[in-house]
Structure formats: structure tokens, C-alpha cells
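The structure appears below as C-alpha cells.
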Amino acid sequence: MKDSIHRTMPTLYCFTITISLLLISTTYTYSAPSKQTQQYLSLAYKFLAPQNAARSAVRMRPLVWDAKLARYAQWYGNQRRYDCALRHSNGPYGENIFWGSGKGWTPAQAVTAWVSERKWYSYWSNSCARGQECGHYTQIVWRSTGRVGCARVDCFGGRGVFMVCSYDPPGNYIGERPY
């Protein structure tokens with residue numbers, strides 16, 4: 001019995017290698033992502049990385065980029081392109097919005113502004129310091145939120161930059177702690 005196992009092992013090994021090489025050579029061809037795809041992935045990463053760093057600091061699982069949410073955020077950002085008004089979409093998702101005058105604003109700067117509200121949030125009282133905002137921060141770290149999609153638009157007439165992130169499921173329910 002032992003002898004027959006040793007005789008079939010080389011045959012099985014050669015068969016496995018042959019099949020693997022055949023699959024590799026016929027199934028996959030590499031094509032570099034287009035410049036547009038690279039820019040989209042880069043934008044997604046620029047929004048996602050600092051938000052996930054904030055979530056990691058409070059031991060929340062990372063957010064996942066969601067193309068549907070990104071399309072919604074882009075749609076809404078395009079609506080604000082004309083006036084750059086800091087108005088929420090009142091849509092079905094949680095939402096953080098940002099406006100900056102000038103042209104050079106980055107996703108990391110918008111997320112940093114939102115996350116900086118952490119200093120105003122008290123976990124023990126589950127509230128913001130009097131006269132301060134912290135809802136952008138709590139939306140980012142909200143326990144049940146798992147997906148995010150964001151957009152950045154340059155507003156017409158040099159009115160600045162508008163950025164928006166949409167979150168699903170939404171957070172910031174009154175009386176509930178974010179984490």
C-alpha cells in the first residue's frame with residue numbers, strides 16, 4: 001500500500017502543476033487600470049483612510065467604500081456646485097458636508113475637520129460640549145455604519161470646494177452612543 005502511494009504522488013504532482021499552469025496562462029491577463037480608474041481609487045482612498053484611522057482609534061471596524069454611495073454623494077455635490085451652500089441633502093443616508101473657500105482643499109482636510117470634533121464629544125455624557133458640534137465625528141465612528149461614499153466638487157464662479165460623504169447605515173440617533 002505504501003509503495004503505491006509513492007508511485008502515484010509524482011503523477012498527481014505533475015497533473016496539479018500542469019492544470020495550474022494551464023489555468024494561469026489562459027484565465028488571467030493583466031491590464032493596468034485606466035487613469036480615470038486610478039484617480040477614482042485615489043480619491044476613495046483619500047477619503048477612506050483618515051476616516052478608518054479615526055474608527056480604529058475607538059476600535060470600530062473599518063468602513064468600506066461603496067460605489068452606490070459615492071454616486072449619490074457625487075450627484076448631491078453636483079447640486080451644490082452652483083452655490084456651494086452648506087445644506088444637507090436630507091436623503092436616505094447619513095451625511096457629512098464640508099465647504100472651503102479657494103481651490104486647494106483635499107479630502108484629508110475635510111475629514112480632518114470632521115474628526116477634529118472629537119475633542120468636543122464626551123462619551124460619558126454622550127453629548128457635545130455646549131455650543132460645539134460633534135455630529136460629523138460621531139457619524140464617522142458610528143458603530144453600525146459600514147459603508148461610505150464621498151465626492152469632491154469645485155464650485156462654479158470660484159466659490160470654493162464642496163465635499164460630501166454619505167454613510168450607510170446612517171448614525172447619530174438621539175440617545176444612542178456611537179460606539
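In what follows, residues are counted from 1 in the order of the sequence shown.
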In one Ile/Leu/Val/Met/Phe/Trp/Tyr side-chain cluster, 4.5 Å: W142, V58: no
Heavy-atom pair of closest approach, residues V161 and G102: CG2-O, 3.6 Å
Least distance between heavy atoms, V141 atom then A54 atom: CG1-O, 3.9 Å
Any side-chain donor near an acceptor of the partner, S89 and Y72, under 3.5 Å: yes
Reported OG1-to-CD distance for the pair T138 and E176, which is rounded to 0.5 angstrom: 11.5 Å
Shared hydrophobic cluster, L63 / V164 (ILVMFWY, side-chain heavy atoms < 4.5 Å): no
Ring geometry between F47 and W65 (parallel below 30°, tilted from 30 to 60°, perpendicular above 60°): parallel
Exercise: identify the closest heavy-atom pair between G146 and R61: CA-NH1, 3.4 Å
Side chain R143, main chain M60, donor-acceptor under 3.5 Å: no
Path from F162 to W75 over hydrophobic side-chain contacts below 4.5 Å: yes
Nearest-0.5 Å distance, CD1 of residue I97 to SG of residue C84: 10.5 Å
V153 and R80, any side-chain heavy atoms less than 4.5 Å apart: no
Any S166 side-chain heavy atom under 4.5 Å of Y76 side chain: no
Check against ring pair (Phe, Tyr, Trp, His ring centres under 6.0 Å), Y93 and Y167: CA-CA 5 Å; Y93 307 115; Y167 301 87; 9.8 Å; no
S56 side-chain N/O to A53 backbone N/O, donor-acceptor pair under 3.5 Å: no
Closest contact, heavy atoms only, Q139 versus P169: NE2-O, 4.4 Å
Selection residues 149-164 - residue pairs positive for side-chain hydrogen bond (donor to acceptor under 3.5 Å, both in side chains), sequence neighbours left out: R152-D154
Pairwise distance NE2(H136) to OH(Y121) - rounded to 0.5 angstrom: 16.0 Å
Spatial distance of atom CD (E133) from atom SG (C128) [nearest 0.5 Å]: 8.0 Å
Separation of T145 OG1 from Q51 CD (nearest 0.5 Å): 10.0 Å
Results of ring-ring contact (aromatic ring centres under 6.0 Å, His included) for Y179 - residues two or more places apart only: Y123
Rounded distance [0.5 Å steps], CG in L86 versus CZ in F98: 9.0 Å
Contact summary for S144 and P170, nearest pair of heavy atoms: OG-O, 4.4 Å
Minimum heavy-atom distance G149-A73, with the two atoms named: O-CB, 3.6 Å
Linked, directly or transitively: V111 and V64 (ILVMFWY side chains, under 4.5 Å): no
Min side-chain heavy-atom separation P178-N126 under 4.5 Å: yes
The single option from D66, D168, L48, N52 passing side-chain contact (heavy atoms from CB on, under 4.5 Å) against V148: L48
Common cluster, W120/W124, ILVMFWY with side-chain heavy-atom separation under 4.5 Å: no
